[in-house]
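Down below is the structure, laid out as structure tokens.
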Amino acid sequence: MAAMTGPVGELPEYAEKVLAVAEGIPPGRVMTYGDIAEWLGEGGPRQVGRVMALYGGAVPWWRVVRADGVLLPGHELRALERYREEGTPLRGTAGSVPGRAPEGVRIDLRRARWDGDADGPDAGRGGGDRV
């Protein structure tokens with residue numbers, strides 16, 4: 001992957017691609033970092049993670065998840081709120097300690113994973129059978 005540098009205010013091309021995929025994930029569905037890299041046919045999970053860490057705040061970042069379904073460390077409460085609002089399938093039980101990250105809650109990837117098929121908002125971008 002090319003270095004993520006460029007003129008101020010201009011996103012690297014790879015970052016634009018990753019963010020476009022993240023933006024197209026429908027509410028209540030998720031893709032893993034690896035899914036996005038595979039969908040794009042370039043980079044890998046770490047590169048996608050780096051893009052999301054640097055530039056992902058402007059897109060639905062909570063829909064891009066780890067392959068094990070564990071909630072994003074440091075953002076668990078905000079992500080869980082979004083998942084519940086959107087009806088994202090979850091596994092486990094949330095502890096009821098206010099202000100603390102829930103333990104044992106994960107994304108149910110079997111049910112929540114999106115493959116970029118025609119059911120989503122970016123149906124025309126092709127490759128609907130990937131993931």
Side-chain angles (χ1 to χ4, degrees):
M1 182 181 84
M4 292 196 204
T5 61
V8 175
E10 184 178 318
L11 286 177
E13 182 181 347
Y14 186 73
E16 288 181 6
K17 291 177 184 180
V18 168
L19 297 177
V21 173
E23 207 161 34
I25 302 170
R29 305 298 297 273
V30 300
M31 288 180 93
T32 68
Y33 299 109
D35 291 342
I36 291 178
E38 183 179 333
W39 177 257
L40 292 174
E42 62 182 298
R46 289 180 187 215
Q47 288 81 10
V48 172
R50 179 80 173 147
V51 168
M52 293 303 295
L54 292 173
Y55 309 109
V59 299
W61 54 267
W62 58 94
R63 296 181 193 152
V64 181
V65 301
R66 294 170 35 158
D68 61 5
V70 170
L71 305 185
L72 187 62
H75 302 281
E76 298 97 331
L77 293 175
R78 291 188 317 156
L80 186 59
E81 183 179 319
R82 301 285 185 141
Y83 298 140
R84 288 179 173 154
E85 287 172 5
E86 294 183 357
T88 305
L90 301 171
R91 296 184 318 158
T93 58
S96 58
V97 179
R100 286 197 47 210
E103 294 181 27
V105 174
R106 293 177 183 233
I107 304 293
D108 184 343
L109 287 174
R110 188 180 55 76
R111 294 176 36 223
R113 200 173 214 162
W114 186 61
D115 64 2
D117 66 12
D119 295 331
D122 287 344
R125 68 181 183 176
D129 61 344
R130 294 180 82 171
V131 170

Report whether M52 and L54 are members of the same hydrophobic cluster (ILVMFWY, side-chain heavy atoms less than 4.5 Å apart, transitive linking). yes

Check against side-chain contact (heavy atoms from CB on, under 4.5 Å), W114 and V30: CA-CA 6 Å; W114 186 61; V30 300; over 6 Å; no

Test side-chain contact (heavy atoms from CB on, under 4.5 Å) applied to I36 and V21, step by step: CA-CA 7 Å; I36 291 178; V21 173; 3.8 Å; yes

Might you point out which heavy atoms bring [X] and [Y] nearest each other, and give the distance in Å?
{"X": "D115", "Y": "W39", "value": "O-CZ3, 3.7 Å"}
{"X": "A37", "Y": "P45", "value": "CB-N, 4.1 Å"}
{"X": "G28", "Y": "P89", "value": "O-CD, 3.5 Å"}
{"X": "P60", "Y": "A22", "value": "CG-O, 3.7 Å"}

Under the side-chain contact (heavy atoms from CB on, under 4.5 Å) criterion, do I107 and D68 qualify, and how do the steps go? CA-CA 8 Å; I107 304 293; D68 61 5; over 6 Å; no

Is the closest basic N to carboxylate O distance between E86 and R29 below 4.0 Å? no

Full working for side-chain contact (heavy atoms from CB on, under 4.5 Å) between T88 and R111: CA-CA 9 Å; T88 305; R111 294 176 36 223; over 6 Å; no

Between [X] (side chain only) and [Y] (backbone N and O only), is there a donor and an acceptor less than 3.5 Å apart?
{"X": "Y55", "Y": "R50", "result": "no"}
{"X": "E76", "Y": "G74", "result": "yes"}
{"X": "R91", "Y": "R106", "result": "no"}

For the [atom1] atom of [X] and the [atom2] atom of [Y], what is their distance to the nearest 0.5 Å?
{"X": "K17", "Y": "L19", "atom1": "NZ", "atom2": "CG", "answer": "12.5 Å"}
{"X": "R63", "Y": "Y83", "atom1": "CZ", "atom2": "OH", "answer": "10.0 Å"}
{"X": "I25", "Y": "D35", "atom1": "CD1", "atom2": "CG", "answer": "8.5 Å"}

Taking the side chain as every heavy atom from C-beta outward, state whether [X] and [Y] have any atom pair closer than 4.5 Å.
{"X": "Y14", "Y": "E42", "answer": "yes"}
{"X": "L80", "Y": "V105", "answer": "yes"}
{"X": "T32", "Y": "R113", "answer": "yes"}

Any chance the side chains of W62 and E81 put a donor and an acceptor closer than 3.5 Å? no

Give a yes or no on whether E16 atom CD has more than 12 heavy-atom contacts from other residues, nucleotides or ligands under 6.0 Å away. yes

